[in-house]
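These notes concern the structure reproduced below.
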Amino acid sequence: MSDQEVGFKRDFADPRIPNRDKCVLRYVLDKWADVKPEDTHIVYQDGEAWSFSEVRARVRKKASGLQKLGIKQGDRVALWLPNGPDAIVAFYAINYIGAIFVPFNTAYKGKLLAHVVANSAAKVMIVHPDLIERLTEIDTANLEKLVVTTDRAVQSSPLPYVRFDELDEDESSLKPLERPIDPWDIQAIIYTSGTTGPSKGVLSSYLHMFSNAGPETWHMVGEHDRYLTVAPIFHIGGMLPPFVMLARGASVAIINEFSTDRFWEIAKQTEATVIFLLGVMASFLMKRPATPEERDHKVRIAFMVPLSDDSTAFNERFGIDVYTIFNMTEISSPIISEPNPKKRGTCGKVRPGVEVRLVDENDCEVPIGVAGEMLVRTDRPWAMNSGYNADPEATAKAWRNGWFHTGDGFRQDEDKYFYFVDRVKDSIRRRGENISSFEVEAEVCSHPDVREVAAIAVPSEYSEDEVMIVIAPVPGRTIDPVELSEFLIDKMPYFMVPRYIRIMDNLPKTPSEKVLKVDLRTEGITADTWDREAAKMRVKRERFAD
């Protein structure tokens, strides 16, 4: 759809700022509901589908109800729901009246839940009934009212509540906005995983979200695509797809969770054309026995993060072009690859409109080939986070010297390709060598029996660190530490080969499914950990005894 076809006119003098009807949810939804009302925008796993006009009608009714509750433009509204129609309508309705969407992880409880409730300063929470009991165990801080998504009786509630289905008001009762919603207004507060401390609330503007994966950034995704999202709506990977596909006048398929066994069946059922595979998802699919259904679908693009050694095989096996990126909640996809990148382990190159530096601990640039922390900034105002909510110290630290500090270590080659090395805090130093836990994990995960792995540093009895890996096997398989160690000796420099191997059924995770390395480091070398050096000493003793 061209600018002329939708009545284009400049909203802002600065050409870097797109019109409101390109990047602000309310105006984008109104535009497409007027221009192509019957085209599909949202598809659910059960087959239910909503057109742009139906989405707007549902959203406007709920938006009127939220206003009747007293929610005004700029207010924060918490959402504590799993993926589904209620979550999407609530998300859009909150933004439709210019309020701020604040989703909480459905696994939160106790102190973590109390922290985000207090930090958000939300007065109203839209909540699933099964989660209400957890609110009785904490200080609910500023919360004054709950909106409960249920048609059954609520047994007990720490706060007054209304039912979500009772919020529907006639569209004619929708009150006008106090002022137009601007691209730099805060759209959402998204909480980070909190792997090393309390979760931080990332202040994200409409223009930040649009710049993250909109038509200008993810240029390979168009208005005729359908993005299959498996990430929960409280995660940037779950919130972003509906909005950025809305910006394209395109559609999104929303499912509840990733299933290795049913993934291609669901992709076919939802007619998805774009998928996003995070972490070990691609490995899970590659290690699944081949079936005819894995090529019987419409998927044409897969974003694979990180890019695995199997990416070429993935492209050939499933008939899908593979891209990779580097991104995080606070930034906006600064590094993007070409289709089916040939360079092993790359994240791609810097996209237009972004500047990237790799620096040492003093923010001084490092030479080509040397690892340094990635700093990022953009030439478009508001295209990255607006800081951390109610945390000026963290904001100042992250944005020092005018650049956003990602906390991630990278190196760059002579061809300007970037390679993720490690989280700065996760680096391992052994025998004078700096070791990337990420690169260790990539090699370990290439073993056919390994489902997922975490590489950590543990103290050495000599100096510096020893390398330890904690692994979970593919279901139904077992892992022999001796065989795995021999497998790795053939693939790694000697100083990277793990000394310690611990096997667990599942690795500990944050509520957003990131491995809790801090817990593994705290536990350290456990009684069930295999020690390669001790095993070698036993072999020597046995030979000597013979």
Side-chain angles (χ1 to χ4, degrees), residues 218 220 275-288 301-328 333-351 354 356 358 366-374 406 408-424 426-428 430 433-455 467 469 471 474 484-498 515:
W218 288 13
M220 67 293 292
I275 60 176
F276 197 103
L277 302 173
L278 184 64
V280 295
M281 291 180 181
S283 177
F284 287 179
L285 293 174
M286 285 296 294
K287 292 179 180 180
R288 180 177 181 264
I301 289 176
F303 288 95
M304 185 183 291
V305 181
L307 187 71
S308 76
D309 287 347
D310 292 334
S311 60
T312 300
F314 190 98
N315 165 248
E316 294 171 352
R317 175 174 170 178
F318 301 118
I320 299 169
D321 283 334
V322 174
Y323 290 79
T324 191
I325 64 171
F326 168 69
N327 200 18
M328 55 194 296
S333 301
I335 309 293
I336 302 178
S337 78
E338 70 277 16
N340 307 310
K342 301 303 181 186
K343 294 216 172 193
R344 182 174 179 262
T346 186
C347 297
K349 296 182 177 182
V350 179
R351 71 170 175 85
V354 177
V356 169
L358 301 185
V366 298
I368 293 292
V370 175
E373 181 182 4
M374 179 179 283
T406 66
D408 286 322
F410 280 79
R411 61 180 176 83
Q412 186 181 20
D413 68 17
E414 297 286 351
D415 297 323
K416 300 188 183 302
Y417 282 89
F418 284 84
Y419 301 82
F420 178 75
V421 175
D422 218 333
R423 288 292 293 170
V424 171
D426 287 339
S427 62
I428 304 171
R430 182 188 188 197
E433 300 282 356
N434 291 316
I435 299 172
S436 162
S437 67
F438 174 78
E439 290 177 346
V440 172
E441 290 160 2
E443 295 291 6
V444 175
C445 213
S446 69
H447 190 285
D449 295 333
V450 174
R451 177 164 57 96
E452 56 182 342
V453 57
V467 181
I469 56 172
I471 55 179
V474 172
L484 177 59
S485 183
E486 291 173 351
F487 172 85
L488 295 174
I489 287 171
D490 291 337
K491 296 173 72 69
M492 291 178 168
Y494 73 92
F495 58 84
M496 286 179 63
V497 177
V515 175

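Heads up: numbering here begins at 1 and tracks the sequence. Everything quoted here is computed from the prediction, not taken from an experiment.
A heavy-atom distance below 4.5 Å is found between the side chains of D321 and N315. Side-chain contact check for S446 versus K491: some heavy-atom pair is nearer than 4.5 Å. For the pair F410 and V356, the minimum side-chain heavy-atom distance is 4.5 Å or more. Between I325 and Y323, the closest side-chain pair of non-hydrogen atoms is not below 4.5 Å. Residues I335 and V350 are in side-chain contact: their nearest non-hydrogen atoms beyond the backbone lie under 4.5 Å apart. Counting only heavy atoms from C-beta outward, the side chains of V467 and M496 never approach each other to under 4.5 Å. Using a 4.5 Å heavy-atom threshold, the side chains of P498 and L488 count as touching. N327 is not listed as a side-chain neighbour of V305, based on a closest heavy-atom distance of 4.5 Å or more.
A donor-acceptor pair is defined here as one N or O able to donate and one able to accept, closer than 3.5 Å; no such pair exists between the side chain of R411 and the backbone of V421. In terms of modelled atom types and a separation under 3.5 Å, the side chain of T324 and the main chain of C347 share no donor-acceptor contact.
Here I428 contributes atom CD1 and F495 contributes atom CZ; the two are 11.5 Å apart, rounded to the nearest 0.5 Å. Here CZ of F276 is found 12.5 Å from CD1 of I301. Values are rounded to the nearest 0.5 Å. Atom CG of L285 and atom CZ of F318 lie 5.5 Å apart (nearest 0.5 Å). Put simply, CD1 on I471 and CG on L484 are 5.0 Å apart, with the number rounded to the nearest 0.5 Å. The OG atom of S337 sits 7.0 Å away from the CE atom of M220 when rounded to the nearest 0.5 Å. Here the straight-line distance linking atom OG1 of T406 with atom CZ of R423 works out to 6.5 Å at 0.5 Å rounding.
A pairwise comparison of heavy atoms in P341 and E338 identifies CD-O, 3.3 Å as the closest pair. The two residues K349 and K416 have their closest heavy-atom pair at CG-O, 3.5 Å. Taking each heavy atom of P448 and V474 in turn, the nearest pair found is O-CG2, 3.6 Å. Heavy atoms only, all atoms of each residue included: A313 and M286 are closest at CB-CE, 3.7 Å. Closest of all the heavy-atom pairs between Q412 and L358 is N-CD1, 3.7 Å. Here the closest heavy-atom approach between residue N340 and residue I320 is recorded as OD1-O, 4.0 Å.
Contacts of S437 classified as side chain to side chain donor-acceptor pair (under 3.5 Å), with partners at least two apart in sequence or in another chain: D422, K517. Residues passing the side chain to side chain donor-acceptor pair (under 3.5 Å) test with K343, sequence neighbours excluded: D413, D415. Partners of R317 under the salt bridge (Lys or Arg N to Asp or Glu O under 4.0 Å) rule, at least two apart in sequence or in another chain, are E294.
Aromatic ring centroids of W218 and F303 lie under 6.0 Å apart.
Taking the six-membered ring where tryptophan is involved, the planes of H447 and F487 are perpendicular, since the angle between them exceeds 60° and thus also 30°.
A side chain to side chain contact (heavy atoms under 4.5 Å, CB included) with T346 is found for exactly one of Y417, F418, F420, namely Y417.
A salt bridge does not link E452 to K287: none of the charged side-chain nitrogens sits closer than 4.0 Å to a carboxylate oxygen.
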